[in-house]
Amino acid sequence: MKETPLSNCERRFLLRAIEEKKRLDGRQTYDYRNIKISFGTDYGCCIVELGKTRVLGQVSCELVSPKLNRATEGILFFNLELSQMAAPAFEPGRQSDLLVKLNRLLERCLRNSKCIDTESLCVVAGEKVWQIRVDLHLLNHDGNIIDAASIAAIVALCHFRRPDVSVQGDEVTLYTPEERDAVPLSVHHMPICVSFAFFQQGTYLLVDPNEREERVMDGLLVIAMNKHREICTIQSSGGIMLLKDQVLRCSKIAGVKVAEITELIQKALENDQKVRKEGGKFGFAESIANQRITAFKMEKAPVDTSDVEEKVEEIIAEAEPPSEVVSQPVLWTPGTAQIGQGVENSWGDLEDSEKEDEDEGGSDEAVILDSIKMDTGVEGSNVGSQDAPIILSDSEEEEMIILEPDKNPKKIRTQTISAKQETAPSKKPVKKRRKKRAAN
Amino acid sequence: MPRPAPSSLLSNGFPEVERWFGLLDRRVRTEYAASTQARAFGRKRQSWLHVGSGAMQTDAKIRKESGTESDPRGPGCSLRHFACEQNLLSRPDGSASFLQGDTSVLAGVYGPAEVKVSKEIFNKATLEVILRPKIGLPGVAEKSRERLIRNTCEAVVLGALHPRTSITVVLQIISDAGSLLACCLNAACMALVDAGVPMRALFCGVTCALYSDGTLVLDPTAKQEKEAQAVLTFALESVERKLLMSTTKGLYSDAELQQCLAAAQAASQHVFCFYRESLQRRYSKS
């Protein structure tokens with residue numbers, strides 16, 4: 001599905017509003033939208049909502065062999081996915097420019113700033129290290145994906161626990177969470193991206209642009225910073241030229257915003273920790289607001305299944321009895337066999353009809369060849385019959401064909417069929433075809 | 001030169017071809033049995049289905065009764081707690097998040113919308129289902145589930161009303177703690193309802209786990225699924241409780257299959273009741 005383009009009047013309206021220092025959602029220039037962080041039942045899973053933008057983060061780990069030039073370091077892997085759920089324009093399985101840009105920025109923000117101690121992820125130097133994989137899924141796109149994604153990534157990393165490992169000599173033991181408490185990753189600092197949108201060649205600036213504002217902006221400046229006011233990454237895109245003062249002002253604003261967000265993250269993490277410790281309810285079910293009319297919950301519902309067995313007996317009694325189980329294959333013609341009572345195997349008959357054609361053609365060689373084949377075939381089936389397989393085949397009539405190739409084989413065949421009619425009623429559909437052939 | 005047909009064949013005519021349910025014909029038999037069962041259910045539930053406002057009371061009564069009675073089969077035969085939130089995403093036309101215990105799936109629906117020319121079907125809507133795993137890229141398991149969900153949706157969505165359009169259902173697994181496919185189906189249904197896609201009936205998914213000692217567990221957790229001898233998932237429609245889809249894993253007998261199906265039909269009543277109550281809450285004035 002293509003993206004609906006923004007109309008000119010909408011664009012003009014948005015820009016005029018920005019000139020008058022007004023935003024459509026009623027925010028001030030430097031305001032962030034509301035941030036909500038909720039955690040899943042398992043460790044390392046969180047959903048971050050930034051206004052209506054929603055990102056799901058999940059961290060997983062795996063023991064792998066390290067990179068050759070970094071034998072004592074664990075591996076960090078980031079993967080942001082723009083699913084079609086977030087916006088109809090995102091196509092599944094396509095690496096768009098936006099996706100590549102966001103992924104790269106995320107890597108620079110989190111991996112290159114060394115916020116996770118990768119050396120502590122080493123189990124056996126040069127042999128086994130932990131690979132930490134951060135999967136981020138954009139669920140709803142309402143602008144400022146990178147801020148939401150960076151928050152989701154760092155929250156998920158802080159929340160994650162990896163299984164404990166012990167090394168004794170050459171032996172590496174991996175403990176399940178029941179045996180030993182899982183260990184958290186060592187997080188040095190929390191870099192958080194803050195986006196600034198510029199309009200009218202840098203005249204106007206907005207923090208945390210939403211989707212509409214992103215569409216009319218001229219340039220974007222992303223600053224990744226931690227709460228110690230250390231800049232981890234800075235990126236300016238869109239090709240606007242900024243003054244030194246503007247960048248410095250942005251970094252100051254970023255410092256304030258990052259401090260607020262970091263506090264919020266820590267509060268959310270502490271809250272979750274407390275609930276888990278006290279054995280209270282946690283997970284996404286608890287984060288659904290109960291008072292919303294769009295949400296509804298139902299407690300555990302017992303299902304009465306006491307009458308199930310009687311019903312089943314009734315149904316089975318009502319249903320037609322299953323056909324007898326044939327434990328051995330039925331040989332219709334040599335070379336083909338049938339198991340059970342499905343649709344009748346028509347391979348043998350096909351062979352017959354082919355043979356008929358050949359007979360009609362009067363090719364003697366073919367008949368001879370056939371007869372030889374048949375002979376061996378019949379022999380084979382006879383040998384087989386000493387064992388067990390039941391033979392319901394037309395082998396007798398075939399023998400007739402072989403023995404009297406000069407006579408008209410059709411006649412004999414129809415006779416044999418009519419003789420067999422009472423014995424095998426289920427073979428009717430096949431005979432229909434034969435009849436047609438005869439009519440030709 | 002046309003040959004005269006043998007008289008013996010003509011005079012006898014062709015006897016009606018009877019379908020015998022054979023060993024290889026298990027699916028047909030299941031369907032047959034399911035339809036007979038659905039008929040039986042239909043008779044019993046008629047009051048629930050057709051009596052507008054009185055229906056809720058009947059439902060409430062049924063729930064209350066089963067709630068107070070101690071289940072003879074132990075704790076196995078109960079559904080975990082359900083939660084559902086609709087319309088939580090702003091971009092898709094319809095969205096729903098469905099939770100069954102700790103299993104959670106988020107669904108978004110776009111449609112009826114513009115369709116790619118290559119996927120266009122001239123007399124009905126193109127239904128697409130995308131299932132995204134939580135970790136990594138979608139693999140074979142996701143593709144197979146996508147197909148099952150798509151086939152189920154296709155059976156109920158009235159695509160002929162919107163020819164040459166696309167209806168896209170995007171499912172994101174939020175957490176998997178057993179009965180995932182059933183939860184995906186439920187989320188898809190609620191999202192389709194939220195998007196206002198016309199459907200001939202609602203549908204729900206119910207998973208049963210069968211243990212080797214013959215006990216049956218409805219809506220199993222991941223651990224129960226692992227221990228079970230067979231895991232069966234059914235999709236049932238709301239009008240006649242007929243079977244829309246079934247997928248099974250493991251070993252089970254004829255009678256056990258019917259038993260699971262009957263239990264699933266009993267459970268589906270609760271799920272549909274949940275749908276109804278949540279929609280009633282949403283569209284109520286107060």
Side-chain angles (χ1 to χ4, degrees), chain A residues 1-2 40-42 45 52 54 56 58 60 83-88 92 135 137 139-142 283-285 288 292-306 308-309 311-312 315-316 318-320 322-323 325 340-342 414 418 421 425 428-429 431-432 435 438-440, chain B residues 2-3 5-6 8-9 12 14-15 17 20-25 32-33 36-37 66-67 71-73 77-87 89-92 99 102 104 106 108 110 113-114 130 132 134-135 170 172 174-175 218 255 258-259 262-263 266-267 270 274 277-278 281-282:
Chain A
M1 223 160 89
K2 278 182 214 130
T41 37
D42 36 357
C45 178
K52 281 177 186 161
R54 229 178 240 250
L56 166 73
Q58 170 71 56
S60 50
S83 108
Q84 216 188 355
M85 192 189 295
D135 280 283
H137 298 273
L139 304 176
N140 197 39
H141 174 33
D142 192 34
F284 291 125
I288 289 185
R292 272 193 211 158
I293 57 161
T294 50
F296 187 67
K297 288 183 194 178
M298 182 176 80
E299 280 313 300
K300 240 179 163 180
V303 179
D304 187 19
T305 48
S306 50
V308 163
E309 272 167 37
K311 235 175 248 161
V312 168
I315 289 159
I316 289 174
E318 253 180 62
E320 285 186 45
S323 57
V325 177
Q341 284 275 334
T414 45
S418 56
Q421 220 155 43
K428 275 284 141 135
K431 270 170 217 153
K432 192 176 173 185
K435 198 201 81 191
N440 290 335
Chain B
R3 280 175 223 222
S8 58
L9 270 179
N12 220 357
F14 302 106
V17 181
W20 285 96
F21 297 124
L23 269 176
L24 299 174
D25 251 352
Y32 171 80
T36 49
Q37 202 176 32
S66 51
D71 205 322
R73 298 174 71 85
C77 279
S78 68
L79 300 171
R80 292 175 288 177
H81 62 263
F82 277 37
C84 172
E85 187 176 355
Q86 278 187 314
N87 206 8
L89 304 180
S90 66
R91 291 301 289 270
L99 289 105
D102 289 334
S104 169
L106 184 67
Y110 288 97
E114 180 193 0
I130 299 163
R132 305 204 59 100
K134 203 175 175 193
I135 297 166
V170 191
Q172 170 72 53
I174 304 281
S175 65
L218 279 168
Q258 295 298 341
Q259 214 171 316
H270 287 267
F274 173 76
E277 276 177 42
S278 70
R281 177 184 161 102
R282 188 172 164 198

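Proteins get letters first, then strands, A, B, ... in listed order; numbering begins at 1 in each. Atom set for the values below is all heavy atoms of this structure, side chains included, hydrogens, waters and symmetry mates excluded.
Atom NZ of A:K297 sits in a crowded spot, with more than 12 heavy atoms from other residues, nucleotides or ligands closer than 6.0 Å.
With a 4.5 Å cut-off on non-hydrogen atoms, B:L89 touches chain A through its backbone and its side chain both. In this structure, the portion of A:H137 lying under 4.5 Å from any heavy atom of chain B is its side chain and not its backbone. Residue A:L139 touches chain B through both its backbone and its side chain, counting heavy-atom pairs closer than 4.5 Å. Both the backbone and the side chain of B:L106 come within contact range of chain A, each with at least one heavy atom under 4.5 Å from a heavy atom of that chain. Only the side chain of A:T41 comes within contact range of chain B, judged by heavy atoms closer than 4.5 Å.
Residues meeting the salt bridge (Lys or Arg N to Asp or Glu O under 4.0 Å) test with A:D42, sequence neighbours left out: B:K134. For B:Y110, there are no ring-ring contact (aromatic ring centres under 6.0 Å, His included) partners at least two apart in sequence or on another chain.
Counting heavy-atom pairs under 4.5 Å between each of B:R80, B:R91, B:R282 and chain A puts B:R91 at the top. Across A:G283, A:C45, A:S83, A:P88, the residue that shares the most heavy-atom pairs under 4.5 angstrom with chain B is A:P88.
The CD1 atom of B:I174 lies 6.0 Å from the CZ atom of A:F284; values are rounded to the nearest 0.5 Å.
Relative orientation of the A:F296 and B:F274 rings is tilted, given thresholds of 30° and 60° on the angle between their planes.
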Open item on the list: Using the rule given for side-chain hydrogen bond (donor to acceptor under 3.5 Å, both in side chains), can you reason through A:N140 versus B:S90, listing the C-alpha separation, both sets of side-chain angles and the distance that settles it, and then say yes or no?
Closed with: CA-CA 7 Å; A:N140 197 39; B:S90 66; 2.9 Å; yes
